[in-house]
Amino acid sequence: MAETVVSFVSDHLATLLREEGSLLGGLREEVQLIKDELGHMRAFLKVAEPKEDDDPRLQEWIKQVREAAYDIEDVLDEFVLRFAGCRHHGFCGSLQRILKAIKSLRARHQVASEIQSIKSRIKNISEGRQRYQAELGINDRVTGASTMNNSWRYSRDDALLVEEAKLVGIDQPKQHLVSKLLEADDHQLKVISVVGMAGLGKTTLVKKVHEDPDVRKHFPVRAWVTVSQTCDFPKLLRDLIWQLHKELNKSVPQFIESISTIELKEFVKDFLQQAGRYAIVFDDVWDVEFWNEIKFALPEGNYGNCVMLTTRKADVASASCTESQDYVYKKEPLSIEDSWTLFCNKIFKGNRCPAHLMDVAKAVLDKCDGLPLAILAIGGLLASKDVSRIDEWEKIQQSLGGELEGTGELERVRRILSLSYNDLPSHLKPCLLYLSIYPEDYLIECNMLILLWVAERFVEWREGMSIEDVAWGYFSELVSRNLIQVIGVFYEGLPYTCRIHDLLREVILIKSREQNIVTITTGQPMTWPSEKVRRLVLHSSSNSSNIQYHQQRQFYSFEHLRSFITVTSTNPLLSKTFLCEVLRSSKLLKVLRLKGEEIEETPNEIFNLLHLTYLNLYGTKVARVPRAIGKLQHLEYLNLGDTGVGELPVEILKLLKLRYLIVFQRVDPSDDDYGFHGFKGPSKLGGLLALQVLRTVDASSGSVILKEIGKLTQLRELYITQLRREDGKELCSSLVNLTSLRQLSVKSIGKGDDHEIIDLNHHQHSLSSSSSCSFLQSLRVLLMHGRLETMPIWITHLQNLVRLDSNWSGLRAEEDPLESLQHLPNLGEITFCGSYQGERLCFKAGGFLKLKELRLRKMEGLIWMAVEEGACPHLRTLVLDRLPSLMDLPSGIQHLSHLQELGLYEMSSQLMEKVGNQKEDSEDYRRMTHIPEIVIGFYADDGEWRIRRLWGKKKKTILA
């Protein structure tokens, strides 16, 4: 993490020298010297940071580097605040000019003094670097080929820890993998990768498979090689050679100790070609490069040879499994039932848990979240406690985070989970540690996390990519390494929500405190970090008192604060108290997130935060944006969604760096036309050329605002409401210019059936013309809310469209809405609400080949639906909602072989009765029996909404 901070500050210095060099004056040489020395430190830190856990002196030195880098950042930001602003705004009036000049000289002297002080600190720290380089044998030219310490051994120790117990829930996956191994295939090498997060028992599972009698009989030549992070490849090959010779009772040739790596690989390959059918396990593989090296030593032959890998990283698993017979097995956490069995086996020797310990035992198991390593380690800790003393158990439960920091049973758990953190490249470490801002079991919005990473400057710009796309790449890599678990997905498989394992979160919290990444408070008594607080996160507290906060005020300072974030804060008084203190003393603040707070107006102090880049007031009660917003000229993200703001002042046009502008008012959810009201913007909105996301613009003022939108060529998301029919032509003209647009939402004036027509078919400026090719290729999501005379003709050209919503379009019977959509190659999700007046809908064979979700709502005239064989072959979710004239299930529903869920909501009584009272020998029953889950929603006689599930998820019998 220190390397990341040093890298960021070094880049900041380079920018300052390049863009503000004239203002530095005589300080330029000093700043250049500091930058150069930070470059040396950055190279050394690549090697030093992975070793710090085992060397307290090195740990202290790295801390000094980190704090010095932070202080340099403070001085730079102060400098920009004092001097760069003067250059851009100028001075007016001679007396004022003289006074400002005197003040400027004093400020320059103070900055010079601070830079000299930092230079002295850097010099002392540099001497420490040179000393450590000599001790560790590292030269100045090292750039990151990490020589890791031997902490990987804890990984194998913990594999044995899992092996000590008779694991539950292992028989089924074992038999599954054994059958995969024994599948007949004599023509190619078969590779099976077992992937999953640390501590799941991957090694144990593969060991059971490897030692299975049928496997031993089928593969007479076998070997087990532990790879680990510290792979010495020649040594690994020699170990493999030794095992193979021992397996066949042969002596190992002495010359293998002196031959090269290439010769060792050739020796292994020749030996295996003559030895017969083999099965080799490579355990704990961390790097794709290992597989790229070892595969050349593995002959395919004609024997049905097999290799198994265990890894924490999905990219390693997929890279090794590229042939048709290869297989990736994702190891999942234990079920609740298996977790409970393992827990009781470890502590109570298979007996039942005493009743008085049930609640605390369940709380502990919730924390383990199906991780066998954790269950066994914590179980071993609890097994040493008196079962009659519930207080001892509760003490362990409440102090699990502290136990992870100690040296007892759980220290081993921390070690194995920490390995995954230590293996991360430097740019991913702060991103992972930043997850500590979220409370336990918090469902994290992926997009919001991405935007915070960007705002915190954790994400590096890359040529030809947007900063958000780079951040999504970071996210994907953390998912691939099994450090983040995706819970929900949007269209196109885009992650929507995610979480982290509870015990991994505890490790992240420990490291976040060590690195001074985040300080979390609930307002209760706590030990504030001795370092300067740089990111403050406020969580909710069960205690509504603020007394503790006031008693602690003398123990901390917010002068160095860069971020203030509230998460699940439920105490308005507490939030307001902290906010007042932060705004009073935090002039360098860059990130301010007050989502959902009880704020009725934007505090004036916010507009003095000239470094502010991220401001999130979503869900607050703010109803007006002051003209002072124009002072925040570094602002890149402004979120006023779900507030009372309906208009923006002209001063918003001064925010030339603004990339996200989100302003809307939520319509009453009880309204059938549920949606959002937009904002009325200034007439020159097109001057905000950096905008990438603009939602939601009120277009009722006419074509002027739509012309301005056409100037925003960087837009990726655009939401428009209150569009008039006569302005459709202007909108089409503007859309042609938006070649990066991915999401478009257009809503016309009106409500329900009274919506005005959305007219997006204009021949003179048609979106189907060749000039709009880029727009047509980039669009992925199209949301239309309003009447349509016909489907826009350009829809058929949307080759990358993945989601389409059409609400209240009311197409006539002769305008079949499926005709123009059925051959779109990537369309995966469709929602029609009040979209069609016809009586019949037919999904034709060969159409909608990628469709996974289909929702049909409020089409009163629809009486018949059909799905031809070969249509919608990948449909997983079908929802039929308020289609009162539909008397039967879609004809051909039995062809939807991948259908997982059928939802029927407020349908005709005839259809509901027909579906709900099936007999197992009926034709209708046979048409539905392949669907795992059928859900019926209806209003009961008492007026209450009821949900009835006809199928159990695992059994094909009707539930009573």
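It should be emphasised that the depicted structure is a prediction, and the values quoted were computed from it without experimental measurement.
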Applying side chain to side chain contact (heavy atoms under 4.5 Å, CB included) to L424 and L478, what does each step give before you reach the verdict? CA-CA 9 Å; L424 288 173; L478 290 172; 3.8 Å; yes
Pair K532 + D74: basic N to acidic O under 4.0 Å: no
Using 30° and 60° as the class boundaries, would you call the ring planes of F564 and F578 parallel, tilted or perpendicular? parallel
Parallel, tilted or perpendicular: which fits the ring planes of H634 and H611, with parallel below 30° and perpendicular above 60°? parallel
Looking at K367 and E506, is there a salt bridge between them, counting it only when a charged N and a carboxylate O are closer than 4.0 Å? yes
CA sep, side-chain torsions, deciding dist, call: K313, D287, salt bridge (charged side-chain N to carboxylate O under 4.0 Å, His left out): CA-CA 8 Å; K313 300 166 71 172; D287 198 331; 5.8 Å; no
Using side-chain heavy atoms (C-beta onward) and a distance below 4.5 Å, is K657 in contact with Q633? no
Please determine whether a side-chain nitrogen of the Lys or Arg among D423 and R312 lies less than 4.0 Å from a carboxylate oxygen of the Asp or Glu. no
Using a strict cut-off of less than 4.0 Å between a Lys/Arg side-chain nitrogen and an Asp/Glu carboxylate oxygen, indicate whether E636 and R659 qualify as a salt bridge. yes
Greater than 12 external heavy atoms within 6.0 Å of K576's NZ: no
Side chain to side chain contact (heavy atoms under 4.5 Å, CB included) for I652 and L638? Distances and angles first, verdict last. CA-CA 10 Å; I652 199 78; L638 176 60; 3.9 Å; yes
Looking at D469, is its backbone amide N or carbonyl O close enough to the side chain of S466 to form a donor-acceptor pair, meaning the two atoms are under 3.5 Å apart? yes
Got a second to check how far R505's CZ is from Y438's OH, nearest 0.5 Å? 12.0 Å
Please check if the side chain of W453 supplies one atom and the backbone of C431 the other of a donor-acceptor pair under 3.5 Å. yes
From CD1 (I606) to CG (L579), nearest 0.5 Å: 6.0 Å
Whether the side chain of N639 engages the backbone of Y618 through a donor-acceptor N/O pair (distance < 3.5 Å, no angle test) should be reported. no
Go through the steps to decide whether L451 and V454 satisfy the test side chain to side chain contact (heavy atoms under 4.5 Å, CB included), and finish with yes or no. CA-CA 5 Å; L451 294 173; V454 171; 5.5 Å; no
Against Y421, only a single residue in L504, L483, L433 fulfils side chain to side chain contact (heavy atoms under 4.5 Å, CB included); can you say which? L433
Within-4.5 Å side-chain heavy-atom neighbours: L588 and R562: yes
Side-chain donor or acceptor of S586 paired with backbone N/O of F558 under 3.5 Å: yes
Determine yes or no for a side-chain-to-main-chain donor-acceptor pair under 3.5 angstrom, with T620 supplying the side chain and L617 the backbone. yes
Less than 4.5 Å apart, any side-chain heavy atom of F475 and any of L428? no
So do E456 and K590 actually touch side chain to side chain, heavy atoms under 4.5 Å? no
Counting distance only, does the side-chain N/O of S480 pair as donor-acceptor with the main-chain N or O of D315 below 3.5 Å? yes
Return the CD1 to OG distance between I599 and S575, rounded to the nearest 0.5 Å. 8.0 Å
Using every non-hydrogen atom in the two residues, find where R499 and Y442 come nearest and quote the distance to one decimal. CB-O, 4.1 Å
Heavy-atom side-chain contact between N616 and L594 under 4.5 Å: no
Flag the pair S436 / K511 as yes when at least one side-chain heavy-atom distance between them is below 4.5 Å, and no otherwise. no
Determine whether the aromatic ring centres of residues Y474 and H427 are separated by less than 6.0 angstrom. yes
What's the separation between atom CG in L610 and atom NZ in K631, rounded to the nearest 0.5 Å? 6.5 Å
Taking atom NE2 of H560 and atom CD of E67, what is their separation to the nearest 0.5 Å? 9.5 Å
Salt bridge (charged side-chain N to carboxylate O under 4.0 Å, His left out) partners of R593, counting only residues at least two apart: none
Any L661 side-chain heavy atom under 4.5 Å of V693 side chain: no
Closest heavy-atom contact between M197 and L417? CE-CD2, 4.2 Å
Salt bridge (charged side-chain N to carboxylate O under 4.0 Å, His left out) with E601: which residues, sequence neighbours excluded? none
Is it true that a side-chain atom of N516 and a backbone atom of R534 form a donor plus acceptor pair closer than 3.5 Å? no
With side chains defined as the heavy atoms from C-beta onward, is the minimum distance between L503 and V507 less than 4.5 Å? no
Excluding sequence neighbours, so at least two apart, what forms salt bridge (charged side-chain N to carboxylate O under 4.0 Å, His left out) with E651? R627
Of all the heavy-atom pairs spanning A455 and T613, show the shortest one and how long it is. O-OG1, 3.9 Å
Just how far is it from atom CD1 of I508 to atom CD1 of I437, taken to the nearest 0.5 Å? 11.5 Å
